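Taking it in order: structure first as structure tokens, then the write-up.
Lettering of chains follows the sequences in order, A, B, ..., and the numbering in each one begins at 1. Given the structure is predicted, the values throughout are model-derived calculations rather than measurements.
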Amino acid sequence: MNVDLLAHPAEDVAPRLLGSVLACTTPEGTVSIAITETEAYSGTADPASHAYRGRTPRNAVMFGPAGHLYVYRSHGLHWCANVVTGTDGIASAVLIRAGRVIEGEDLARKRRGERVESARLARGPGNFCQALGITGEHNGADLLPGASVTLSEGEPVPTALIRIGPRVGVSKAHDWQHRFYLAGDPTVSAYRLSPRARPSAGA
DNA sequence: TAAAAGATATACT
DNA sequence: GTATATCTTTTAA
């Protein structure tokens, strides 16, 4: 993945990351996941962003240059991964919410549970990280080729399949249409939203 | 120094 | 569908 493609506002990059492949290599092996769902966090202008109140030790990575990984712990249990976008000095990141395992499914299932169905291996931010093997150790990691975590372009997805909807799981600015996902993909998470709660989202 | 809130996932009713 | 586990970061006194 060319860093130039990431050096744009999060809401600009988020849809372009759909179909991209995030790969994580650990001593256990490599797991690659094609991204099917993302969410844009615009930084200081976004009330729901960790960077809204300015730079802090935790979110410092988001203010850095594009092409890095911002990993944080949610509710004490789960890891959530973001790809830093935009310009150095301006907070901007794309949360990776879900994806489809395309390599290392055995390892992913081993981490998530033997009886987890394929479509659920990386559905939801926390599960995505667990399947991929991303932890807090990867916070701030560079996504350059050869690194333990890398981002590559993967197969391009038809623009017609890209859907936009309200963000999930945030208590602020949930009206912002900053969630991007692939229509009809079984790996897309829509949990906590009843199917008929967003009638116009798929239209 | 102390308290509250948080970009969730899972189990149970 | 609702309730709960669990801990880090941030903010207020």
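- Atom CG of A:Asn82 is separated from atom P of B:dT8 by 11 Å (rounded to the nearest Å).
- Taking every heavy atom of both residues into account, A:Glu105 and A:Ser118 meet most closely at OE2-OG, 2.8 Å.
- Atom NE2 in A:His75 sits roughly 13 Å away from atom P in C:dA5 (whole-Å rounding).
- Phosphate contact (OP1/OP2 of B:dA7, side-chain N/O of A:Asn59, threshold under 4.0 Å): absent.
- Between the side chains of A:Arg120 and A:Asn127, no donor-acceptor pair is found at a separation under 3.5 Å.
- Taking the side chain of A:Lys172 as heavy atoms from C-beta on, and the options B:dA9, B:dG6, B:dA7, the nearest nucleotide is B:dG6.
- Atom pair A:His174:NE2 and B:dT8:P shows a separation of 13 Å (rounding to whole Å applied).
- For C:dT6, there is no paired nucleotide, since no Watson-Crick or G-U wobble pair has both relevant distances below 3.5 Å.
- Relative orientation of the A:His178 and A:Phe180 rings is parallel, given thresholds of 30° and 60° on the angle between their planes.
- To the nearest angstrom, P of B:dA7 lies 7 Å from CZ of A:Arg58.
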task: With ring pair (Phe, Tyr, Trp, His ring centres under 6.0 Å) as the test, would you mind laying out the steps for A:Tyr72 and A:His50 before giving the verdict?
output: CA-CA 10 Å; A:Tyr72 69 94; A:His50 287 168; 4.6 Å; yes
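- Distances were taken from every side-chain heavy atom of A:Tyr70 (C-beta onward) to each of B:dA7, C:dT8, B:dT8; the shortest belongs to B:dA7.
- When the P atom of B:dG6 is taken as reference, atom CG of A:Leu77 falls 16 Å away, rounded to whole Å.
- A:Ser171 has a side-chain polar atom (N or O) that falls below the 4.0 Å cut-off from OP1 or OP2 of B:dG6.
- Rounded to whole Å, atom P of C:dC7 lies 11 Å from atom CH2 of A:Trp79.
- A salt bridge is defined here as a Lys NZ or Arg NE, NH1 or NH2 lying under 4.0 Å from an Asp or Glu carboxylate O, and A:Glu37 with A:Arg179 meets this definition.
- Contact check, A:Arg112 against B:dT10: a side-chain N or O comes under 4.0 Å of OP1 or OP2.
- Side-chain proximity of A:Arg53 to B:dA7, C:dT10, B:dT10: nearest is C:dT10.
- Taking atom CZ on A:Arg73 and atom P on C:dT9, their separation rounds to 9 Å, with Å as the unit.
- Comparing A:Val94 and A:Gln130 along DNA chain B, the residue whose closest nucleotide (by nearest heavy atom) sits nearer the 5' end is A:Val94.
- A:Arg167 has no carboxylate O lying under 4.0 Å from a charged side-chain N of A:Glu39, or vice versa, which leaves the two without a salt bridge.
- For the pair A:Tyr72 OH and B:dG6 P, the computed distance is 12 Å after rounding to whole Å.
- Judged purely by distance below 3.5 Å, without hydrogens or angles, the side chains of A:Thr36 and A:Thr187 pair a donor atom with an acceptor atom.
- Across all strands shown, nothing is found opposite B:dA7 as a Watson-Crick or G-U wobble partner with both distances under 3.5 Å.
- Scanning residues 38-52 of chain A for heavy-atom distances under 4.0 Å to DNA chain B yields A:Tyr41, A:Ala48, A:His50.
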